[in-house]
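Below is one structure, written out as structure tokens; comments come after it.
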Number of protein chains: 2
Amino acid sequence: MILNQATDYAFRAVLYLSLLQPGEIVEAKVISESQHIPLRFLLKILRSLAKAGIVKSYQGVGGGYALGKKPADITLKDVLEAVEGPIRINKCLIDPDYCNKQATPHCPVHYVLASIQQTIAQEFDKYNFEQLKEHMKQN
Amino acid sequence: MILNQATDYAFRAVLYLSLLQPGEIVEAKVISESQHIPLRFLLKILRSLAKAGIVKSYQGVGGGYALGKKPADITLKDVLEAVEGPIRINKCLIDPDYCNKQATPHCPVHYVLASIQQTIAQEFDKYNFEQLKEHMKQN
DNA sequence: CATAAACTATACTTAATCGGTATTGTTTTA
DNA sequence: TAAAACAATACCGATTAAGTATAGTTTATG
């Protein structure tokens, strides 16, 4: 019931990229040092984010990373799922056979957990990085 | 971001106890076999639930378990927290030093995660075992 | 066109957590 | 006082998380 360390790093890396000027790109090393994220681990995380289109990577000399879309179009859920995969709060919501193995073919627990899971997903989807930027300015 | 197996078992064990007649008590072995939960693991889980007052245990011959309060007074959150401890979705919401270590003294990520965490806790608190009982009858 | 600066891919390692078990002890009824 | 139940604690193996290493690819630039 806790987010991965990688997801936490990802949130902070994407926030960092959200604060760049349009067109600006930065090397992973800069993010790593500024946010205190182990470089090689960050590179791995950035690859997941790139695969999801959240960041765009530029190879070669002068390369680095920038956001792949506008901060307003990136939610916490997007980043979370890019790193951890789809939000799932219980095994019975992943593997349909799981509940049957437990001999509870009509399981009300399963039912309410599915509803809670949906609410949680919506909650993470409510916040985008434009909002987080705004929030930074206030401090 | 996923519930423990132990919590899943706990939900099903408490639901099982919710369906008993008032005054009825059952041995762990009965719950174990009916719900396909490894007995010794279940005993451990039941101890956590007993500590939290969710179930009441009876030692000695003819002993066993019963609910410690009315099903309507036991929420999913109660059971979840009895087994896993308080709901925490990020380390920075456990250890106040954590964020500072990350060199982000005014971190908007921390801020919104705290809000999301609260919503999640409320969501698990919305469902009690009387409701789950009702839901069973419908099937 | 070669070099070096960046990212990519994949595999490996270490540590923590999870899921479960074992052992020994205590309580209680018959 | 024996046996049926739970209690407490410690242990174990497997999985996952977190991070590192190695080898490779892309690209700007001198």
Side-chain angles (χ1 to χ4, degrees), chain A residues 1-13 17 24-33 35-52 54-66 68 80 83-85 88-92 94-95 98 101-102, chain B residues 1-13 17 24-33 35-52 54-66 68 80 82-85 88-91 94-95 98 101-102:
Chain A
M1 208 52 222
I2 195 163
L3 298 170
N4 285 347
Q5 183 62 61
T7 303
D8 185 80
Y9 289 156
F11 287 158
R12 292 167 207 272
L17 292 174
E24 191 179 357
I25 73 176
V26 299
E27 301 133 61
K29 199 177 173 219
V30 173
I31 306 173
S32 157
E33 283 170 2
Q35 299 301 306
H36 298 82
I37 305 170
L39 175 59
R40 295 189 166 284
F41 195 31
L42 174 62
L43 284 163
K44 191 151 89 173
I45 294 164
L46 286 166
R47 267 191 307 271
S48 304
L49 295 172
K51 227 169 247 172
I54 292 166
V55 306
K56 197 158 163 16
S57 78
Y58 299 88
Q59 292 200 179
V61 176
Y65 297 89
L80 167 52
V83 176
E84 298 191 18
R88 288 290 128 89
I89 64 166
N90 193 284
K91 277 186 204 138
C92 73
I94 301 172
D95 177 4
Y98 181 82
K101 275 184 215 147
Q102 305 278 329
Chain B
M1 207 55 222
I2 195 164
L3 298 171
N4 285 346
Q5 183 64 61
T7 302
D8 185 82
Y9 289 157
F11 287 157
R12 293 168 206 272
L17 292 174
E24 191 179 356
I25 74 176
V26 299
E27 301 133 62
K29 200 178 173 216
V30 173
I31 306 172
S32 158
E33 283 170 2
Q35 299 301 307
H36 298 82
I37 305 170
L39 175 59
R40 293 187 167 283
F41 195 32
L42 174 62
L43 284 165
K44 189 152 88 174
I45 294 164
L46 285 167
R47 263 187 315 266
S48 303
L49 295 172
K51 228 170 246 172
I54 292 166
V55 306
K56 198 158 163 14
S57 78
Y58 299 88
Q59 292 200 180
V61 176
Y65 297 89
L80 166 52
V83 175
E84 298 192 17
R88 288 291 128 90
I89 64 167
N90 193 282
K91 275 186 206 140
I94 302 172
D95 176 5
Y98 182 81
K101 275 184 216 147
Q102 306 276 330

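Quick note on labels: first sequence line is chain A, next is B, and so on, each numbered from 1.
A sub-4.0 Å separation between OP1 or OP2 of C:dA6 and a side-chain N or O of A:S57 is absent. An OP1 or OP2 oxygen of C:dA6 is reached within less than 4.0 angstrom by no side-chain nitrogen or oxygen of A:Y65.
In terms of modelled atom types and a separation under 3.5 Å, the side chain of B:S32 and the main chain of B:I37 share a donor-acceptor contact. A donor-acceptor pair is defined here as one N or O able to donate and one able to accept, closer than 3.5 Å; no such pair exists between the side chain of A:E84 and the backbone of A:T7.
To the nearest 0.5 Å, atoms CZ (B:R47) and NZ (B:K51) are separated by 8.0 Å.
Atom P of nucleotide C:dG19 and atom CD of B:E84 are separated by 9 Å, given to the nearest angstrom. If you measure from atom CZ of B:F41 to atom P of D:dA7, you get 16 Å, rounded to the nearest angstrom. Here the P atom of nucleotide D:dT15 and the CD1 atom of B:I2 are 16 Å apart, to the nearest Å. The separation between A:K29 atom NZ and C:dA4 atom C1' is 14 Å, rounded to whole Å. What separates CD of A:E27 from P of C:dA4 is a distance of 17 Å, to the nearest Å. The distance from atom CZ of B:R88 to atom P of C:dT17 is 16 Å, rounded to the nearest whole Å. Summarising the geometry, the separation between OH on A:Y58 and C1' on D:dT29 is reported as 20 Å, rounded to the nearest angstrom. One interatomic measurement links the two molecules: CG of A:L42 to C1' of C:dC7, which rounds to 12 Å at whole-angstrom precision.
Closest approach of B:A10 and B:V83 over heavy atoms only: CB-CG2, 3.7 Å. When all heavy atoms of B:E24 and B:A66 are compared, the closest pair comes out as O-CB, 3.6 Å.
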Derivation of the side chain to side chain contact (heavy atoms under 4.5 Å, CB included) call for A:L17 and A:I31: CA-CA 8 Å; A:L17 292 174; A:I31 306 173; 3.9 Å; yes
Where do B:L3 and B:D8 land on the side chain to side chain contact (heavy atoms under 4.5 Å, CB included) test, with the steps shown first? CA-CA 7 Å; B:L3 298 171; B:D8 185 82; 6.0 Å; no
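Annotation: of the two residues near DNA chain D, A:V61 and A:A6, the 5′-most nearest-nucleotide partner is A:A6. Comparing A:G60 and A:K44, the nucleotide of DNA chain C nearest to each residue sits closer to the 5' end for A:G60.
In this structure, the side chains of A:L43 and A:Y65 come closer than 4.5 Å at one or more pairs of heavy atoms.
Side-chain atoms of B:Q5 lie closest to C:dG20 of the nucleotides D:dT27, C:dG20, D:dG19. With distances taken from any side-chain atom of A:Q59 to the nucleotides D:dT27, C:dG20, C:dA9, the minimum falls on D:dT27. Of the candidates C:dC7, C:dT21, D:dG19, the closest approach to any side-chain atom of A:P38 belongs to D:dG19. For B:R47, taking side-chain heavy atoms from C-beta onward, the closest of the listed nucleotides C:dC7, D:dA3, D:dA7 is D:dA7. Of the candidate nucleotides C:dT21, D:dT22, D:dC6, C:dT21 has the atom nearest to the side chain of B:R40.
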Dot-bracket assigned to DNA chain C with the 3.5 Å Watson-Crick/G-U criterion, [ ] for crossing and | for other-strand pairs, is ||||||||||||||||||||||||||||||
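B:A28 comes within 4.0 angstrom of sugar-phosphate atoms only, judged by non-hydrogen atoms across all strands, and of no base.
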